[in-house]
Enquirer: 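Just dropping this structure here.
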Number of protein chains: 2
Amino acid sequence: MSDLLERLRDRGWRLTAQRRVVAEVLNGEHVHLTADEVHARAGRLLPEISRATVYNTLGELVALGEVIEVTTDGRAKRYDPNARKAHHHLVCTRCLTIRDVPAGAGDGTLPEDDRFGFAISGVEITYRGLCPDCQSGA
Amino acid sequence: MSDLLERLRDRGWRLTAQRRVVAEVLNGEHVHLTADEVHARAGRLLPEISRATVYNTLGELVALGEVIEVTTDGRAKRYDPNARKAHHHLVCTRCLTIRDVPAGAGDGTLPEDDRFGFAISGVEITYRGLCPDCQSGA
DNA sequence: TTTACTGCAAACCGTTTGCAGTTCC
DNA sequence: GGAACTGCAAACGGTTTGCAGTAAA
């Protein structure tokens with residue numbers, strides 16, 4: 001995570017308290033927060049951080065490829081800091097929880113005949129189903 | 001397509017001019033219109049159709065499983081009438097065109113070990129890349 | 001000191017909603 | 001005739017933007 005801050009500084013970023021806090025909040029595995037959740041958690045560490053700054057920072061992190069934007073439903077985008085290893089998502093159809101699943105070997109290979117001339121640069125796979133808690137009626 | 005209208009009537013739908021027109025607009029392969037586009041096209045056939053009715057109708061068609069809601073970007077949802085055969089999507093990263101690709105045999109099989117206890121009910125695969133036109137700079 | 005960044009507030013876009021009026025069956 | 005549907009307009013949630021002020025380098 002401090003890696004992230006270093007990388008950002010190397011790219012000419014000013015390391016402001018706000019950016020530090022956003023980076024902090026996005027630290028971890030299986031983190032898929034909405035911008036609003038990031039704002040709420042960042043606000044616990046730095047009370048006066050504004051929504052606009054959170055949106056700016058998230059947008060910049062996405063542009064730099066440090067964070068992945070995930071839209072598994074029509075609602076708010078979620079921000080996934082696990083950009084360094086290829087993975088897909090498992091989404092609970094009931095509680096909307098998201099889990100990362102490692103990318104498999106055969107993923108993202110579309111037969112030549114089905115490519116319609118597209119030059120494919122990436123694949124996203126979203127598995128949908130009930131998570132263990134929702135299966136047991138929790 | 002008239003099949004669709006029959007199916008809807010069988011389910012107790014009132015066949016209003018508005019619904020007929022929305023069904024008409026959604027007819028075809030590789031159709032991935034936004035609600036607004038549906039509204040615009042429907043408006044050419046039935047000038048006074050309202051946005052609310054288009055949204056209502058689209059929502060109902062989705063609930064009935066006749067149309068699939070596709071969110072390939074964070075912007076507007078797109079409505080895909082090709083709900084009868086399983087397929088995935090090829091999305092141009094530049095012009096955002098969408099093409100359907102047939103679902104392959106091995107799609108949607110996630111190794112038991114990677115399921116985290118989820119009961120998987122469906123998979124969506126989105127391939128991203130440049131479409132032929134955008135590759136040639138068109 | 002300079003210029004990137006922040007916070008505010010207003011605007012924005014896609015979508016949903018409440019309700020009065022209309023129309024299908 | 002009655003319930004289902006439509007259209008309007010207002011409200012909504014998530015996101016973006018313009019701009020004056022602040023702070024990192």
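Treat the numbers as computed from the prediction; the structure is a model and nothing was measured. Order of the sequence lines fixes the chain letters, A, B, ..., with proteins taken first and strands second; residue numbering starts at 1 for each chain.
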Enquirer: Is B:Gln18 near enough to D:dG7 that one of its side-chain N or O atoms lies under 4.0 angstrom from OP1 or OP2?
Expert: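 For D:dG7, OP1 or OP2 has a side-chain N or O of B:Gln18 closer than 4.0 Å.
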Enquirer: Within less than 4.0 Å of OP1 or OP2 of C:dC8, is there a side-chain N or O belonging to A:Ser50?
Expert: no
Enquirer: How far does OG1 of A:Thr57 sit from NE2 of A:His39, to the nearest 0.5 angstrom?
Expert: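 Interatomic distance, A:Thr57 OG1 to A:His39 NE2, rounded to 0.5 Å: 11.0 Å.
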Enquirer: Salt bridge or not for B:Glu24 and B:Arg44, using N-O below 4.0 Å?
Expert: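 Salt bridge between B:Glu24 and B:Arg44, a charged N being under 4.0 Å from a carboxylate O: no.
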Enquirer: Would you say D:dT16 has OP1 or OP2 under 4.0 Å from some side-chain N or O of A:Tyr55?
Expert: no
Enquirer: Measure the distance from CG on A:Leu58 to P on D:dT16 and round it to the nearest whole Å.
Expert: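 Taking CG of A:Leu58 and P of D:dT16, I get 10 Å after rounding.
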Enquirer: Both B:Ala76 and A:Trp13 contact DNA chain C. Taking the nearest nucleotide for each, which residue is further toward the 5' end?
Expert: A:Trp13
Enquirer: Does the side chain of B:Asp100 come under 3.5 Å of the side chain of B:His32 through a donor N or O and an acceptor N or O?
Expert: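 Judged by distance alone, the side chains do pair up.
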Enquirer: Between B:Arg84 and B:Glu66, does at least one N-O distance fall below 4.0 Å, as a salt bridge requires?
Expert: yes
Enquirer: Rounding to a whole Å, what distance do you find between A:Leu15:CG and D:dA25:P?
Expert: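 Rounded to the whole Å, the gap is 6 Å.
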Enquirer: Start at the 5' end of DNA chain C and walk down; is the nucleotide closest to A:Ala52 or to A:Gly12 reached first?
Expert: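 Checking each residue's closest nucleotide, the 5'-ward one belongs to A:Gly12.
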Enquirer: Rounded to whole Å, how long is the line connecting atom CG of B:Leu8 with atom C1' of C:dC25?
Expert: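 B:Leu8 atom CG is separated from C:dC25 atom C1' by 16 Å.
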Enquirer: How many whole angstroms separate atom CD1 of A:Ile49 from atom C1' of C:dC8?
Expert: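 One finds 14 Å between C1' of C:dC8 and CD1 of A:Ile49, rounded.
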Enquirer: Give the rounded distance in Å between these two atoms: CZ of A:Arg20 and C1' of D:dA23.
Expert: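 It is 13 Å, rounded to the nearest whole Å.
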Enquirer: Whole angstroms only, please: what is the CD-C1' distance between B:Glu37 and C:dG14?
Expert: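 After rounding, the gap between these two atoms is 13 Å.
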Enquirer: Check the angle between the aromatic planes of A:His87 and A:His89 and answer parallel, tilted or perpendicular using the 30° and 60° thresholds.
Expert: perpendicular
Enquirer: How many Å lie between CG on A:Asp36 and C1' on D:dT15, as a whole number?
Expert: 11 Å
Enquirer: With respect to the phosphate group of C:dT6, does any side-chain polar atom (N or O) of A:Thr16 fall under 4.0 Å of OP1 or OP2?
Expert: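 For A:Thr16, the contact criterion (side-chain N or O under 4.0 Å from OP1 or OP2 of C:dT6) is met.
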Enquirer: For the side chain of B:Glu48, counting heavy atoms from C-beta on, which of D:dC8, D:dT6, C:dC8 is nearest?
Expert: D:dC8
Enquirer: Considering only heavy atoms and no angle criterion, is a donor-acceptor pair shorter than 3.5 Å present between the side chain of A:Arg14 and the base of C:dA4?
Expert: yes
Enquirer: Hey, which sits more toward the 5' end of DNA chain D by its nearest nucleotide, B:Arg75 or B:Arg51?
Expert: B:Arg51
Enquirer: Rounded to whole angstrom units, what separation is found between the CG atom of A:Asn56 and the P atom of D:dT22?
Expert: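 Nearest whole value for this atom pair: 18 Å.
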